[in-house]
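Okay, structure first, notes after.
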Amino acid sequence: MDQHRELLVITGWLTALLGCVHYDLGEREEAETARRAAFEMGRQVGHGELMGWAHEMSAWFALVEGRYEDVVTAARMGQAVAGTSSAMVQLTLQEARGLARIGDRREADRALTRGAEVLGSLPVPDHPDHHFVFDHAKWVFYAATCYTWLADDDRAEEHARETIQMHTRPDGTSNAPMRVADAHIDLGIVHARRGDLDAAVNEGLAAFDIDRRSLTDLVNRAGDLDHVLRKRYRREALSEEFHERFINARRALHTRRHELLD
């Protein structure tokens, strides 16, 4: 029985990871099938953290797809089963992101604080680059985006710059390209709001120039910056340059032809 349970848990983690890969590749149906399978395996053996991560995947999918109320709902459902774990921190931060998208500053701040408190009660991870592990650097990264969406530009800039600094090696390469790309988008939005078009576009283009394999989140976040630029600087050549890069990235995602980014 113990071996059977262990096998289901291991298979569940691998299935959840496979679902994440599918979603990064724009394969929505395959991702949801894997997510449901991972949840069911967790449910069969009463593994709260695995079930929590399956709910977190639902929250993530909803966030990218613009279903922000569903983000909050899925995140809270996951918190009910995740226990004191990395999944609980991630779910709380996903709740904060959904609330930030809705514009609920007070509740988003509360969720960020709760996430930090749970994170503080966990041991420092031996392998922080593990996908299903939450560390301090990830909290800073999530907070940067939350503050960007809440138009709290000073705190957004502070956390975005910290994210880039933490994940940039001495040779200038990144050990977390997805986080760094998103941080550049956050800085681009902040610069655009402050009236600095040159800096905004430079940050946005820097996000596209980072070597990363996931397009789904990049296209979603680049759309945030493109919206601000089109609204404020529609007739500017620099704004049009970024818009063209964004359109190419979106086309690459939808057609699964990543060479269009080159």
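- Residues Leu17 and Leu50 fall within the same hydrophobic cluster, defined by Ile, Leu, Val, Met, Phe, Trp and Tyr side chains chained together at heavy-atom separations under 4.5 Å.
- Minimum interatomic distance between Gly115 and Leu93 (heavy atoms only, all atoms of both residues): CA-CD2, 3.9 Å.
- A pairwise comparison of heavy atoms in Glu49 and Phe132 identifies OE2-O, 4.3 Å as the closest pair.
- Arg76 and Gln79 are not linked by any side-chain donor-acceptor pair at a separation below 3.5 angstrom, with hydrogens and angles left out of the test.
- If you take CG on Asp153 and NE2 on His191, they are separated by 10.5 Å, rounding to the nearest 0.5 Å.
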Can you list the steps and then say if Val71 with Glu95 is a side chain to side chain contact (heavy atoms under 4.5 Å, CB included)?
-> CA-CA 6 Å; Val71 176; Glu95 179 187 357; over 6 Å; no
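- The line from OG1 of Thr92 to CD of Gln90 is 9.5 Å long, rounded to the nearest 0.5 Å.
- Contact between Ala160 and Ala144 at its shortest, heavy atoms only, is N-CB, 3.6 Å.
- Taken from OG1 in Thr73 to NE2 in His55, the straight-line distance is 11.5 Å, to the nearest 0.5 Å.
- From Met88, atom CE reaches atom CG of Leu119 across 13.0 Å, with rounding to the nearest 0.5 Å.
- Other residues, nucleotides and ligands contribute only 12 or fewer heavy atoms inside 6.0 Å of the CZ atom of Arg36.
- Closest of all the heavy-atom pairs between Thr216 and Asp24 is OG1-O, 3.0 Å.
- Taking CG of Leu122 as the reference point, atom CZ of Phe134 lies at 10.0 Å (rounded to 0.5 Å).
- When each of Arg234, His227, Arg232 is tested with Arg230 by the rule side-chain contact (heavy atoms from CB on, under 4.5 Å), just one qualifies, namely Arg234.
- Classification of the Phe61-Tyr23 ring pair by plane angle, with boundaries at 30° and 60°, yields parallel.
- Side-chain contact between Asp224 and Trp149 is present, with heavy atoms from C-beta onward closer than 4.5 Å.
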Taking it one step at a time, do Arg235 and Glu240 satisfy salt bridge (charged side-chain N to carboxylate O under 4.0 Å, His left out)?
-> CA-CA 7 Å; Arg235 300 182 185 277; Glu240 286 301 316; over 6 Å; no
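- Side chain to side chain, Trp60 and Asp217 fail the donor-acceptor criterion of an N or O pair below 3.5 Å.
- Here Arg155 pairs with Asp109 in a salt bridge; the nearest charged N to carboxylate O distance falls below 4.0 Å.
- Judged purely by distance below 3.5 Å, without hydrogens or angles, the side chains of Asn248 and Arg245 never pair a donor atom with an acceptor atom.
- When every heavy atom of Thr84 is checked against every heavy atom of Ser121, the shortest pair comes out as CG2-OG, 3.7 Å.
- Shortest non-hydrogen contact noted between Ala111 and Leu99 is CB-CD1, 4.4 Å.
- The neighbour count for Met166 CE, taken as heavy atoms of other residues, nucleotides or ligands under 6.0 Å away, is above 12.
- The side-chain heavy atoms of Thr148 and Leu187, taken from C-beta on, include no pair separated by under 4.5 Å.
- Here Asp226 does not pair with Arg250 in a salt bridge; the nearest charged N to carboxylate O distance is not below 4.0 Å.
- Looking only at distances, no side-chain donor or acceptor of Ser86 sits under 3.5 Å from a matching main-chain atom of Val133.
- Using a 4.0 Å cut-off between charged nitrogen and carboxylate oxygen, Arg161 and Asp186 do not count as a salt-bridge pair.
- Using modelled atom types, one finds no donor on one side chain facing an acceptor on the other under 3.5 Å when comparing Tyr147 with Glu157.
- Within the 4.5 Å cutoff, the side chain of Val9 has no heavy atoms near those of the Met41 side chain.
- With hydrogens and angles left out, the side-chain atoms of His22 and Glu27 include a donor and acceptor closer than 3.5 Å.
- Of the candidates Arg97, His159, Arg179, Tyr142 forms a side-chain contact (heavy atoms from CB on, under 4.5 Å) with just one, namely Arg97.
- In this structure, Glu107 CD and Arg105 CZ are separated by 13.0 Å, a value rounded to the nearest 0.5 Å.
- Inter-residue side-chain proximity for Glu65 and Asn220 is flagged as unmet; no heavy-atom pair is nearer than 4.5 Å.
- In terms of hydrophobic clustering, with Ile, Leu, Val, Met, Phe, Trp and Tyr side chains grouped at heavy-atom distances under 4.5 Å, Val190 and Leu150 are assigned to different clusters.
- Note on Val72: it does not cluster hydrophobically with Met77, by side-chain heavy-atom contacts below 4.5 Å among ILVMFWY residues.
- Side-chain contact between Val201 and Ser239: absent, with no pair of heavy atoms (C-beta onward) separated by less than 4.5 Å.
- Glu40 CD: more than 12 foreign heavy atoms inside a 6.0 Å radius.
- Side chains of Arg221 and Ile189 form a contact here, defined as non-hydrogen atoms less than 4.5 Å apart.
- Atom CZ of Arg106 has 12 or fewer neighbouring heavy atoms from other residues, nucleotides or ligands inside a 6.0 Å radius.
- Aromatic rings of His47 and Trp13 (six-membered ring for Trp) have centroids within the 6.0 Å cut-off, being under it.
- Side chains of Arg35 and Ser58: a donor on one and an acceptor on the other come within 3.5 Å.
- Side-chain atoms of Phe242 and Phe208, non-hydrogen and from C-beta on, do get closer than 4.5 Å to each other.
- The backbone N or O of Ala183 lies less than 3.5 Å from no partner atom in the side chain of Thr163, so there is not a single donor-acceptor pair.
- Here the side chain of Arg5 pairs a donor or acceptor atom with the backbone of Val45 at under 3.5 angstrom.
- No single ILVMFWY cluster, assembled from side-chain heavy atoms under 4.5 Å apart, contains both Val81 and Leu91.
- Summarising the local packing, CD of Gln44 is surrounded by more than 12 heavy atoms from other residues, nucleotides or ligands at distances under 6.0 Å.
- Connection of Ile247 to Val228 is established within a shared hydrophobic cluster, with ILVMFWY side chains joined at heavy-atom distances below 4.5 Å, either directly or through further cluster members.
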Residue pair Glu203, Ile185: steps toward the side chain to side chain contact (heavy atoms under 4.5 Å, CB included) verdict | CA-CA 6 Å; Glu203 294 288 354; Ile185 293 294; over 6 Å; no
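- Using cut-offs of 30° and 60° for the angle between ring planes, the His243 and Phe246 rings count as tilted.
- Side-chain contact between Tyr233 and Leu238 is absent, with no heavy-atom pair separated by less than 4.5 Å.
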